[in-house]
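The structure appears below as structure tokens.
FYI, the numbering just counts along the sequence from 1. One-based numbering, in listed order, for ligands and for the atoms of each.
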Amino acid sequence: MLSNTEKHLRIMGTQINYYFICKTKLWFFSHHIKMEQESDLVSMGKKLHQGSYQKEKRDYTIDNLISIDFIKKGDKLEVHEVKKSKKMEKAHEYQLLYYLYYLNVVKGVENVIGMIDYPKMRKKLTLEWDGSREGELKELTEKVAVLIDGEMSKPVKTPTCRKCAYYELCWV
Ligand code: SF4
């Protein structure tokens with residue numbers, strides 16, 4: 001069994017994303033209540049990803065924690081996340097920052113940068129990793145670990161709920 005100090009090293013990118021979207025969703029997902037495969041939105045996202053980047057090497061999973069949509073190798077290692085819209089931009093940004101943190105701090109990969117691709121909008125957001133946000137990311141993983149271990153967070157209704165796979169669990 002992992003000690004409290006080790007738990008924050010076993011956080012998934014998806015859990016970081018959900019922390020910024022909904023704490024209840026984070027808790028459901030972390031307790032293996034996984035309904036995302038039933039969500040049309042998730043399969044739409046997968047099709048978008050597959051259709052837009054057919055030439056790229058895709059879908060790298062590292063330590064069963066982070067799933068990178070595709071990577072490009074050049075002077076730097078480019079880690080790409082493909083997203084449908086900018087609605088959840090903060091969640092996307094921290095998910096990608098966590099990938100950079102994990103690759104650099106935990107796996108020792110240097111010269112890595114992150115890109116969020118929005119193919120429908122023809123936009124990209126680039127995130128550099130220079131180590132200055134290491135403390136922030138470590139603190140974030142600790143907060144996520146505490147939430148997962150605690151009681152389920154009470155649902156709070158937001159516009160996100162309408163398209164959430166857990167809607168029926170929270171509101172019906
Ligand atoms: S339905 Fe709403 S409150 Fe419930 S998990 Fe989804 S986003 Fe969170």
Side-chain angles (χ1 to χ4, degrees), residues 1-2 4 6-53 58-70 79-102 106 114-121 123-125 127 133 135-172:
M1 192 163 172
L2 293 174
N4 282 341
E6 288 167 328
K7 274 181 188 163
H8 77 277
L9 294 174
R10 301 294 307 159
I11 299 297
M12 298 165 74
T14 305
Q15 290 169 313
I16 297 289
N17 182 303
Y18 287 177
Y19 176 86
F20 290 98
I21 292 175
C22 172
K23 310 285 188 289
T24 313
K25 185 169 183 160
L26 166 64
W27 193 91
F28 282 146
F29 175 82
S30 305
H31 289 259
H32 309 292
I33 303 166
K34 291 180 182 166
M35 300 168 79
E36 288 289 328
Q37 63 275 22
E38 291 166 26
S39 161
D40 289 344
L41 283 173
V42 170
S43 59
M44 265 173 61
K46 281 183 181 154
K47 277 183 195 153
L48 172 82
H49 166 202
Q50 283 160 4
S52 303
Y53 298 95
R58 295 197 312 262
D59 300 327
Y60 291 84
T61 302
I62 299 172
D63 296 343
N64 280 329
L65 294 177
I66 64 175
S67 297
I68 297 167
D69 286 339
F70 68 90
V79 173
H80 288 253
E81 264 296 286
V82 182
K83 300 293 186 189
K84 197 159 66 71
S85 82
K86 285 188 154 206
K87 270 190 208 148
M88 301 295 176
E89 195 170 9
K90 189 171 181 188
H92 300 163
E93 188 179 325
Y94 274 93
Q95 183 179 356
L96 186 60
L97 269 176
Y98 177 63
Y99 290 176
L100 302 182
Y101 165 83
Y102 194 85
V106 180
M115 290 197 188
I116 306 175
D117 298 87
Y118 297 99
K120 281 181 105 176
M121 301 165 68
K123 289 202 168 158
K124 279 184 199 295
L125 175 73
L127 295 172
R133 298 179 77 176
E136 181 192 358
L137 268 291
K138 182 172 180 289
E139 202 176 305
L140 173 60
T141 58
E142 287 164 355
K143 282 184 191 164
V144 171
V146 167
L147 272 170
I148 292 168
D149 270 355
E151 300 273 308
M152 185 187 98
S153 298
K154 196 166 176 247
V156 176
K157 208 162 199 172
T158 67
T160 308
C161 297
R162 284 187 298 116
K163 292 180 179 174
C164 177
Y166 297 114
Y167 185 89
E168 290 192 5
L169 283 181
C170 291
W171 305 113
V172 177

Problem set entry | Member of Leu65, Ile148, Leu147 meeting the side chain to side chain contact (heavy atoms under 4.5 Å, CB included) criterion with Gln15 | Ile148
For this session: For the residue pair Tyr166 and Phe28, categorise the inter-ring angle as parallel (less than 30°), tilted (30 to 60°) or perpendicular (more than 60°).
Result: tilted
Problem set entry | Val156, portion touching ligand 1 at heavy-atom distance under 4.0 Å | backbone
Exercise. Hey, is the main chain of Ser153 close enough, under 3.5 Å, to the side chain of Thr24 for a donor-acceptor pair?
Worked result: yes
Problem set entry | Tally of protein N, O or S atoms, where distance to atom 6 (Fe) of ligand 1 is under 2.8 Å | 1
Exercise. Say you draw a straight line from CD1 of Ile16 to CD1 of Ile11; how long is it, rounded to the nearest 0.5 Å?
Worked result: 6.0 Å
For this session: Please work out whether the ring planes of His31 and Trp27 are parallel, tilted or perpendicular, with thresholds of 30° and 60°.
Result: parallel
For this session: Assess whether atom NZ of Lys154 is packed by more than 12 heavy atoms of other residues, nucleotides or ligands within 6.0 Å.
Result: no
Exercise. What protein heavy atom is closest to atom 1 (S) of ligand 1, reported as residue, atom name and distance in Å?
Worked result: Trp171 NE1, 3.5 Å
Problem set entry | Tyr118 six-ring face occupied by Lys123 cation (under 6.0 Å, within 45°) | no
